[in-house]
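Can you keep this structure in mind? I'll have questions shortly.
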Amino acid sequence: MKAILVSLFLLGSTPEATPPAIPPDALAAPPVSNDAPTAWACTVDTLREGKECVFESDATAGATSTEQDTANRKLLKDISRALCTEAVGNARDGRTDATLISLCERRYVTAADQCGLGGSSAIVDAKGRFAPGARACYRGLSSVLQEVQLMATVAAPCCECAARKGCPGAADRCYADVSQQQTAPATLACLSERCEDACSVALPSQSGASSAPTARERQRSSRSGSASL
């Protein structure tokens, strides 16, 4: 018994060995920050795809700079043709539409003119995320692309026929008017007579246009848009 007590005493008085290093992937390891953009970050890709997103960039506003303001606008304008071409192509199963793409570019560039942020920060940070101050800019650009997709889906076949058949109010005006069902009576009569098949989706219901949902309402009910936090 005495020998056992001595052994326990000696063990208890032995200095503890240095604990082994904790591997980085162990549960008890200190947390490591991951600053990579998440799948929810507002980027050019979410803008292109019309996805909901979060402005998670930690970029902060600084001193204003004319050069930065100009660079912000130029960055977004430089990708206008690519985004507009994709918006039209996706809505029309890969078919192109030069008139609608041109219309999209003009509207997009007008919206991008409001995206300089006064030169207080880069519109997109080094990781590709839109700056928090770019909410209004992002939504403006997203609205343009969504409206163009609506035009491509609802109005494009009808307006192409209207141009071929010489109906009044064709070209750019046709896309906006037809997609919102605000076509002038003379144009509507021409579309009904000469482009009935191509315009069947866009023409008002014979039973009463006032009670039927508009093309814009149908589009809104089929997708949630790209609301951003």
Side-chain angles (χ1 to χ4, degrees), residues 36-57 70-117 122-131 134-163 170-180 198-199 201-202 215-229:
T38 70
W40 291 97
C42 292
T43 64
V44 172
D45 284 337
T46 60
L47 178 65
R48 171 190 292 113
E49 297 167 9
K51 291 182 176 179
E52 294 186 356
C53 65
V54 177
F55 289 89
E56 63 181 34
S57 171
T70 301
N72 287 342
R73 299 168 193 264
K74 183 178 185 302
L75 172 65
L76 296 176
K77 290 178 180 179
D78 284 347
I79 59 176
S80 62
R81 172 158 286 272
L83 292 181
C84 286
T85 301
E86 289 182 11
V88 173
N90 290 341
R92 302 203 64 192
D93 297 326
R95 292 185 59 191
T96 188
D97 186 325
T99 301
L100 188 51
I101 291 173
S102 177
L103 172 63
C104 174
E105 285 189 79
R106 292 196 300 276
R107 291 192 176 192
Y108 179 98
V109 168
T110 298
D113 273 334
Q114 311 303 315
C115 295
L117 301 186
I123 192 76
V124 176
D125 68 12
K127 297 172 183 175
R129 303 172 297 187
F130 274 84
R135 283 179 172 83
C137 162
Y138 184 97
R139 287 170 180 157
L141 299 177
S142 179
S143 293
V144 169
L145 296 178
Q146 288 183 46
E147 287 173 0
V148 167
Q149 287 180 321
L150 173 62
M151 293 179 190
T153 302
V154 175
C158 182
C159 291
E160 288 175 345
C161 179
D172 290 3
R173 181 176 177 181
C174 177
Y175 288 95
D177 289 351
V178 169
S179 63
Q180 298 176 31
C199 298
V201 175
R216 179 176 291 276
E217 290 169 342
R218 290 197 300 271
Q219 180 74 359
R220 285 176 176 171
S221 67
S222 65
R223 58 176 297 176
S224 60
S226 60
S228 310
L229 302 178

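These numbers were taken from a predicted model, which means no experiment stands behind them.
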Non-neighbouring partners of Cys174 that pass side chain to side chain contact (heavy atoms under 4.5 Å, CB included), sequence neighbours left out: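 Cys174 satisfies side chain to side chain contact (heavy atoms under 4.5 Å, CB included) with Cys159, Ala162, Val178 once adjacent residues are dropped.
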
Main-chain N/O of Arg139 paired to Ser142 side chain as donor or acceptor, under 3.5 Å: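 Not a single qualifying donor-acceptor pair exists.
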
Intermediate values then yes/no, disulfide (SG to SG under 2.5 Å), Cys199 and Cys158: CA-CA 5 Å; Cys199 298; Cys158 182; 1.9 Å; yes

Over all atoms of both residues, closest heavy-atom pair of Ser179 and Val154: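 That would be CA-CG1, 4.4 Å.
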
Nearest non-hydrogen partners of Leu141 and Ala112, listed with the distance: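 What the structure gives for the nearest pair is CD2-N, 3.8 Å.
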
Contact check, side chains of Val148 and Val88, non-hydrogen atoms, under 4.5 Å: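 Yes, close enough: below the 4.5 Å cut-off.
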
Approximate separation, where rounding is to 0.5 Å, of Ser102 OG and Arg107 CZ: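 Output value for this atom pair is 11.5 Å.
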
Which residues share a side chain to side chain donor-acceptor pair (under 3.5 Å) with Asp172, sequence neighbours left out: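 By the side chain to side chain donor-acceptor pair (under 3.5 Å) rule, Asp172 matches Arg106.
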
Asp177: partners by side chain to side chain contact (heavy atoms under 4.5 Å, CB included), with sequence neighbours left out: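 For Asp177, the residues satisfying side chain to side chain contact (heavy atoms under 4.5 Å, CB included) (neighbours in sequence not counted) are Arg173, Thr183.
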
Minimum heavy-atom distance between Val144 and Ala111, given as atom pair plus value: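 Scanning both residues completely, I find the closest heavy atoms to be CG2-CB, 4.1 Å.
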
Rounded distance [0.5 Å steps], CG in Asp45 versus CD in Glu49: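 Interatomic distance, Asp45 CG to Glu49 CD, rounded to 0.5 Å: 5.5 Å.
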
Results of salt bridge (charged side-chain N to carboxylate O under 4.0 Å, His left out) for Glu105 - residues two or more places apart only: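 Applying salt bridge (charged side-chain N to carboxylate O under 4.0 Å, His left out) to Glu105 gives Arg81.
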
OG1 on Thr96 to CD1 on Ile101, rounded to 0.5 Å: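 Going from the CD1 atom of Ile101 to the OG1 atom of Thr96 covers 3.5 Å.
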
Under the ring-ring contact (aromatic ring centres under 6.0 Å, His included) test, residues paired with Phe130 that sit two or more places apart: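 Only Tyr138 meet the ring-ring contact (aromatic ring centres under 6.0 Å, His included) criterion with Phe130.
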
Sequence-distant partners of Glu86, side chain to side chain donor-acceptor pair (under 3.5 Å), two or more places apart: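 Checked Glu86 against side chain to side chain donor-acceptor pair (under 3.5 Å); matches are Arg48.
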
For Cys115 against Leu76, the heavy-atom pair lying closest together: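 Looking at all heavy atoms of both residues, the shortest contact is CB-CD1, 3.5 Å.
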
Atom pair CG (Asp97) and SG (Cys104), whose distance is rounded to the nearest 0.5 Å: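 Asp97 atom CG to Cys104 atom SG measures 11.0 Å (nearest 0.5 Å).
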
Interatomic spacing from CG in Asn90 to OG1 in Thr85 - rounded to 0.5 Å: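 Reported to 0.5 Å precision, the distance equals 10.5 Å.
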
Point-to-point distance, once rounded to the nearest 0.5 Å, from OG1 of Thr43 to NZ of Lys127: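 One gets 14.0 Å once the value is rounded to the nearest 0.5 Å.
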
Side chains of Leu47 and Cys42 in contact at under 4.5 Å (non-hydrogen atoms):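 No, side chains not in contact.
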
Contacts of Asp125 that satisfy side chain to side chain donor-acceptor pair (under 3.5 Å) - sequence neighbours left out: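 Result, side chain to side chain donor-acceptor pair (under 3.5 Å) vs Asp125: Ser57, Arg129.
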
Any side-chain heavy-atom pair of Tyr175 and Thr99 under 4.5 Å: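 They are in side-chain contact.
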
Any residue meeting side chain to side chain donor-acceptor pair (under 3.5 Å) with Asp93, in chain and number order, not counting sequence neighbours: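 Once residues adjacent in sequence are excluded, Asp93 has no partner under the side chain to side chain donor-acceptor pair (under 3.5 Å) criterion.
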
Nearest atoms (heavy-atom pairs only) where Ile123 meets Cys137: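 Nearest heavy atoms, Ile123 then Cys137: CD1-SG, 4.1 Å.
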
Side-chain touch Thr46/Trp40, heavy atoms, less than 4.5 angstrom: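 A side-chain contact is absent here, since even the closest heavy-atom pair is not under 4.5 Å.
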
